[in-house]
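Written below as structure tokens is the structure these notes are about.
None of the values given here were measured: they were computed from a predicted structure.
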Amino acid sequence: MIQKAWSSYIYKLFLGVLIIAGLIFSINLPPFQENTHAAEKELQKVEVTFTSKGVPVFNTQFTIKNLQNAYNKIKNGTITSDNVNSSAWQETEQQRGVIVADTFGIGPGVQHTSEESESILRKMLNSGAVDLVDELNDNPGSTSIFHYPNNVVRRYTNNDGEAVATTESGLNGIFDNDGDLIQLLRVKDNNTNKFTVDINSTTNLFEGKIINLSDDMKANANSYTVEFGQELTYQLTIDKSLLTQDLPLAINPQTNLVVDDVSIPFTKVPAYGDTISLQSLGVTADNSINSNASLTVLKSQIQSKFYKNILWGYAVTVPKSDTSVTLTIKAHLAPEVKLNSQLQGATTDGSLIPMEFLVGDSDLSAQTNFFMNIVATTNTGSLDYSMPTVRTSGINFASVDASGKKLEKKRSYILGYEKNSQKFVYGDNKWNPVSSLDNLDLSTVQTFSGGNQYYLGGTATAIPLSTELFSFNAVENRKINESLIKFLGLGQGKKYFLYPADNREVGEKELLFTVYNKDSLRANGQIINQTSIGKAQYEDYNINSLIPDYRAGSVEYNIIGSNQNSIATLLRIIFTIAGLCLLIIAVLIFVCWKG
């Protein structure tokens, strides 16, 4: 009897487990079912890295939708009378107050080129005619949500902006979480469907990359940390579908990203013409102060506007071709760019004022991602594409005396780097090889002195006073600044060093350092920027706490000049650990004694 009851109990328990498992499976089925379209359709794996001007877009949901059916109907003119009489077609006309055939140029028997068909689809999706596209597409299960690589449950991008989905081959649309179209792309019938989609680009018919920089210079998946003046070789591949006729192209880099050469003939075009208008920049003259002071303020505001935008474009025409075409663009990041122009709107009588603008310097920041946008003009509208971005980095130093306890003023140093046992020092705006640091001719190298902020290859400016401090003392601030040196315009991947230019001793060792500017992700999903400016390699809090603009994790200074720095730091670490150990032992003895 007991055995029968026990068997019944086991049977019921097993049945309950099966029912619960079935319910769990049915509830969780959608996340694992990436695409609910008919099983007979072969699906392709699509791997995408999502960026925004070079910065990975993480923890964000995107979808992919196959649009090949709608594309075919628009291209071939196979739109049916049922489509024209559908509620989607009629409601589009009623809601928008337009005639679909006139607005989008589609209808039964109306054919288009591939380029025109894609442009029409893009226009329809961007103008809110999504229901009409779905009507033409007639593919209800064609949408798939991107997920973590190797984890279909996590339906968003990972820390590097990477995500995976499956879809049918052919023309597909990438959409954001609000259902807005980001980009159209073509999925192939193979395993090569890997894309980088910048959410600021409207097309995947371009492919851009920087080919002369190593991976250790990457700030993230689509951005590099480089030196001022370093040659950058961009490569832009244009799909043959855009080259059925000559293609006008505009290369628009951010102001301090200077284009040096393009592999086909180009014309440099000023973005603001021959005259700079205050109105076009959104800048207003201050008539409450005298004219000279007003011009100084205006000049500073205009230079800041130029720094964040485009000062010159580079116009090219790509000849028609039966194959895809690759252009090479040579450029460099400049610490300052000069512009001579006429300023309009700064005077009450409307007269033009000749003025020279110097863009960069005090506006330069390690947080700037310098962009290069590509704009193509086609018969059906313009296409925008964002090339990989570049940024720079730097480092801060504080000179101390031999004791390592006091700041020392006006020390001078030589900047260099070493590669394959060969040393190079900086001078005349370039790196020069040297055989020895002991016998340097200082007239052939640049020396870097306390009190200055250096923009590599540009001018030096005095380190600004920290006037925002409650305890601000101008005299004391200037005195401390004379012991400080700041660099901006250094890149990742080099083994830099500083070497004394004054009071040198034979065989004296150089101070080795590296710089970086990288993006990373906190556990809470917040993206943070980490730079060598904000984190000292040779730290001494006692010295840093004396410096007015010191900010832990934001502006930190490396200590240089003390022969005892490394020993003192090591001793502090040893004494700290020893102190903690003694404290733990004392607590254990006390606990045991009380017990």
Side-chain angles (χ1 to χ4, degrees), residues 210-214 216-217 219 224-234 253-262 312 328-338 358-362 364-366 368 370 372 390-397 411-450 452-461 485-502 504 510-517 532-533 560:
I210 302 177
I211 61 173
N212 69 322
L213 301 180
S214 59
D216 60 2
M217 299 183 69
Y224 295 84
T225 302
V226 302
E227 277 184 3
F228 287 148
Q230 181 174 1
E231 182 177 86
L232 307 172
T233 303
Y234 292 81
Q254 188 168 334
T255 295
N256 290 78
L257 182 56
V258 179
V259 170
D260 300 309
D261 192 27
V262 185
W312 289 288
T328 300
I329 305 166
K330 295 288 184 71
H332 72 277
L333 198 56
E336 54 192 32
V337 174
K338 291 181 180 179
L358 188 66
V359 186
D361 285 351
S362 59
L364 291 168
S365 168
T368 301
F370 291 89
M372 180 184 289
V390 293
R391 60 179 74 170
T392 192
S393 191
I395 195 167
N396 306 319
F397 292 98
R411 290 296 306 271
S412 295
Y413 299 92
I414 296 159
L415 176 66
Y417 79 92
E418 184 172 342
K419 181 179 181 180
N420 299 328
S421 301
Q422 171 67 62
K423 288 183 171 62
F424 299 82
V425 296
Y426 197 79
D428 195 24
N429 291 338
K430 63 180 186 295
W431 295 105
N432 305 289
V434 295
S435 57
S436 171
L437 296 176
D438 294 331
N439 302 310
L440 283 176
D441 180 359
L442 295 183
S443 64
T444 64
V445 299
Q446 181 175 350
T447 56
F448 299 86
S449 304
N452 294 309
Q453 163 81 69
Y454 290 97
Y455 306 99
L456 196 71
T459 56
T461 61
I485 299 176
K486 291 189 170 191
F487 290 99
L488 187 66
L490 303 178
Q492 283 178 198
K494 279 186 176 176
K495 298 177 181 178
Y496 292 105
F497 63 80
L498 278 187
Y499 186 72
D502 51 10
R504 287 181 294 164
E510 59 269 21
L511 180 74
L512 303 176
F513 67 92
T514 57
V515 305
Y516 57 90
N517 186 346
S532 44
I533 296 171
I560 183 173

Return the [atom1] to [atom2] distance between [X] and [Y], rounded to the nearest 0.5 Å.
X	Y	atom1	atom2	value
D361	E336	CG	CD	5.0 Å
Y224	S214	OH	OG	8.5 Å
R411	I485	CZ	CD1	9.0 Å
Y516	I395	OH	CD1	8.5 Å
L512	L498	CG	CG	10.0 Å
I560	N396	CD1	CG	12.5 Å

If we ignore hydrogens and angles and just use 3.5 Å, is the side chain of [X] paired with the main-chain N or O of [Y] as donor and acceptor?
X	Y	value
D441	S443	yes
S532	G394	yes
Q446	N429	no
Y426	G457	yes
N517	A219	no
N432	G427	yes

Do I414 and L442 pass the side-chain contact (heavy atoms from CB on, under 4.5 Å) test, and can you show the C-alpha distance, the side-chain angles, and the key distance before you say yes or no?
CA-CA 9 Å; I414 296 159; L442 295 183; 3.8 Å; yes
Checking L490, L213, I210 against V226 for side-chain contact (heavy atoms from CB on, under 4.5 Å), the one that qualifies is L213
Would you tell me whether Y499 and D438 have side-chain atoms, one donor and one acceptor, within less than 3.5 Å of each other? yes
Under the side-chain contact (heavy atoms from CB on, under 4.5 Å) rule, what do L488 and I533 come out as? Steps first, then yes or no, please.
CA-CA 9 Å; L488 187 66; I533 296 171; 4.0 Å; yes
Minimum side-chain heavy-atom gap [X]-[Y] below 4.5 Å:
X	Y	result
Y413	L511	no
V515	T225	no
L415	L456	yes
K423	E418	yes
V425	T444	no
M372	V259	yes
V258	W312	no
M217	Q230	yes

Closest heavy-atom pair and its distance - [X], [Y]:
X	Y	result
N452	A460	CB-CB, 4.5 Å
L333	L232	N-CD1, 4.4 Å
Y455	P335	CB-CB, 3.9 Å
P253	L257	CB-O, 3.2 Å
T447	A501	CG2-CB, 3.8 Å

What do you reckon, are the aromatic ring centroids of F448 and F397 less than 6.0 Å apart?
no
>> Are Y496 and F513 an aromatic pair, judged by ring center distance below 6.0 Å?
In response: yes
| request: Would you sort out whether W431 and K494 count as a side-chain contact (heavy atoms from CB on, under 4.5 Å), showing the intermediate values? | output: CA-CA 12 Å; W431 295 105; K494 279 186 176 176; 3.3 Å; yes
